[in-house]
Enquirer: 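A single structure is presented below for examination.
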Amino acid sequence: MPELQELSDVEIFFSAFNLIFKRIEFYVLVVLSILFLIYISHSNEHTFSNELSTKLTSDFIGLILDLSTLLVVFSVWIYGVKKEWTESLNKLLSVQFVVSVPLPDNSASINKLQIECLYAPLSGDSDVRQMAQALGKSVNGECFLPIAPMLNKISKKIKIDSSSIINNGIPFMSYEVEIKLTETLTELKRVIGDPIPLADNEYIYWAYPFDTIKEGVNKKRHQA
């Protein structure tokens, strides 16, 4: 079974950090640092400290502005590295098809899960709804589901599977979508064979590697 967890901001930073060694800016910074160290080692004993002391006393505001600019440039660079790494991740889509069901006292309604499809390959953000509909159609014997016009919820999270089943254990961008159905499903069609009946406490679970849906394998019960 997959063992998935969401990466924290710190884990994302260190995962993206490896990309720094592939950037030309890193090597430019290394060269400049070496040149700076050579300059210090070949200057008079107190030359550098005297220059720094002069800068602090005569132009302290200018020094602060220079350091602030350097910090901003460094932050923008780090953000660019992180963004590049994030955009390079494989994208996987998970969809929950739910239907609104009133509570016994009719005071409110809750969303009841009817179909759950996990971690299907996704090409990009613009294909989320189209891919979600295609997954629902595949589960329902290539027949369209009665879905609402708009996506109910959508979120993006960077996840990793420590069991290496999903995406070979490499971090990926998980798109998680909830779609509302306009009517309760009592059965799911199949291309070949009889429909799969769904009781009130049952739903269909379909995940990687997306084998043929079978009633005894893919039909699950809601937890009490």
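All of these numbers come straight from a predicted model, not from anything done at the bench.
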Enquirer: Identify whether Val81 and Phe14 are in the same connected component of the hydrophobic contact network (ILVMFWY, side-chain heavy atoms under 4.5 Å).
Expert: yes

Enquirer: Check this for me: Tyr208, atom OH, are more than 12 non-hydrogen atoms of other residues, nucleotides or ligands nearer than 6.0 Å?
Expert: no

Enquirer: Does some side-chain heavy atom of Ile160 sit less than 4.5 Å from a side-chain heavy atom of Gln5?
Expert: yes

Enquirer: Any chain of hydrophobic side-chain contacts (each under 4.5 Å) joining Trp85 to Val10?
Expert: yes

Enquirer: Enter the distance from Arg190:CZ to Leu188:CG here, rounded to the nearest 0.5 Å.
Expert: 10.0 Å

Enquirer: With a 4.5 Å heavy-atom cut-off, do Pro197 and Glu215 have their side chains touching?
Expert: yes

Enquirer: Using every non-hydrogen atom in the two residues, find where Leu89 and Pro171 come nearest and quote the distance to one decimal.
Expert: CD2-O, 3.5 Å

Enquirer: State whether the side chain of Asp161 and the backbone N or O of Gly169 hold a donor-acceptor pair below 3.5 Å, judged by distance alone.
Expert: no

Enquirer: Main chain of Ser138, side chain of Trp206: is a donor-acceptor contact present, judged purely on distance under 3.5 Å?
Expert: no

Enquirer: Show the numbers, then the answer: is there a salt bridge (Lys or Arg N to Asp or Glu O under 4.0 Å) between Asp125 and Lys156?
Expert: CA-CA 10 Å; Asp125 297 51; Lys156 294 194 299 182; 3.5 Å; yes

Enquirer: In terms of heavy-atom contacts, does NZ of Lys82 have more than 12 from other residues, nucleotides or ligands at under 6.0 Å?
Expert: no

Enquirer: Is Leu198 close to Glu187 at the side-chain level, that is, under 4.5 Å between some pair of heavy atoms?
Expert: no

Enquirer: Check whether Phe13 and Ile158 end up in the same hydrophobic cluster, where Ile, Leu, Val, Met, Phe, Trp and Tyr are linked by side-chain heavy atoms less than 4.5 Å apart.
Expert: yes

Enquirer: Between Phe144 and Ile115, is there a shared hydrophobic cluster once you connect ILVMFWY residues whose side-chain heavy atoms come closer than 4.5 Å?
Expert: no

Enquirer: Just do the side-chain contact (heavy atoms from CB on, under 4.5 Å) check on Val128 and Met131 with the steps written out, would you?
Expert: CA-CA 5 Å; Val128 170; Met131 184 65 185; over 6 Å; no

Enquirer: Is Leu92 close to Met173 at the side-chain level, that is, under 4.5 Å between some pair of heavy atoms?
Expert: no

Enquirer: Can a donor-acceptor pair be found, under 3.5 Å and without considering hydrogens, that links the side chain of Ser162 to the backbone of Glu3?
Expert: yes

Enquirer: For Glu84, is there any backbone N or O sitting under 3.5 Å from a side-chain donor or acceptor partner on Glu87?
Expert: no

Enquirer: Go through it in stages, so that I can follow the logic: the residues are Tyr119 and Phe172, the test is ring-ring contact (aromatic ring centres under 6.0 Å, His included), and I'd like the CA-CA distance, side-chain angles, deciding distance and then a yes or no.
Expert: CA-CA 10 Å; Tyr119 308 116; Phe172 63 92; 5.7 Å; yes

Enquirer: Can you check whether Val98 reaches Leu181 side chain to side chain, under 4.5 Å on heavy atoms?
Expert: no

Enquirer: Please report the closest heavy-atom contact between Ala132 and Ile179, naming both atoms and the distance.
Expert: CB-CD1, 3.6 Å

Enquirer: Any sub-3.5 Å donor-acceptor pair from Gln114's side-chain atoms to Leu185's backbone N or O?
Expert: yes

Enquirer: In Å, rounded to the nearest 0.5 Å, how long is the span from CD1 of Ile196 to CG of Asp194?
Expert: 10.0 Å

Enquirer: Heavy-atom count check: over 12 atoms from other residues, nucleotides or ligands less than 6.0 Å from Gln130 CD?
Expert: no

Enquirer: Atom NZ in Lys214, atom NZ in Lys219: separation rounded to 0.5 Å?
Expert: 15.5 Å

Enquirer: Just verifying a value: how many Å separate Tyr205 OH and Leu113 CG, rounded to the nearest 0.5 Å?
Expert: 11.0 Å

Enquirer: Measuring from Ser174:OG to Asn90:CG, what's the distance to the nearest 0.5 Å?
Expert: 12.0 Å

Enquirer: Would you call Lys157-Glu176 a salt bridge at under 4.0 Å N-O?
Expert: yes

Enquirer: Is there a side-chain contact between Ser109 and Val101, using heavy atoms and a 4.5 Å cut-off?
Expert: no

Enquirer: Taking Arg129 for its side chain and Pro149 for its backbone only, find out whether a donor-acceptor pair lies under 3.5 Å.
Expert: yes

Enquirer: So Lys112 and His222, side-chain contact (heavy atoms from CB on, under 4.5 Å) or not? Walk me through it.
Expert: CA-CA 9 Å; Lys112 182 178 72 174; His222 293 288; 3.8 Å; yes

Enquirer: Would you say Ile170 ends up clustered with Leu7 if hydrophobic residues are merged whenever their side chains have heavy atoms under 4.5 Å apart, either directly or through other cluster members?
Expert: no

Enquirer: Look at Glu6 together with Lys159 and state whether they make a salt bridge at an N to O cut-off of under 4.0 Å.
Expert: no

Enquirer: Do Ile204 and Asn140 make a side-chain contact, defined as non-hydrogen atoms from C-beta onward lying under 4.5 Å apart?
Expert: no

Enquirer: Under a 3.5 Å cutoff, is there a donor and acceptor pairing between the side chains of Lys180 and Ser100?
Expert: yes

Enquirer: If I compare all heavy atoms of Leu93 with all of Val177, which pair ends up nearest, and what's the gap?
Expert: CD1-CG2, 3.7 Å

Enquirer: Report the C-alpha separation of Asn111 and Glu178 in whole Å, then their side-chain angles, then the decisive distance to 0.1 Å, and conclude whether the side-chain contact (heavy atoms from CB on, under 4.5 Å) test is met.
Expert: CA-CA 10 Å; Asn111 289 331; Glu178 184 179 88; 3.6 Å; yes

Enquirer: As a quick check of understanding, evaluate side-chain contact (heavy atoms from CB on, under 4.5 Å) for Ile147 and Thr182, giving each step before the final call.
Expert: CA-CA 6 Å; Ile147 64 174; Thr182 57; over 6 Å; no

Enquirer: Report yes if the side chains of Glu183 and Val99 come closer than 4.5 Å at any heavy-atom pair, otherwise no.
Expert: no

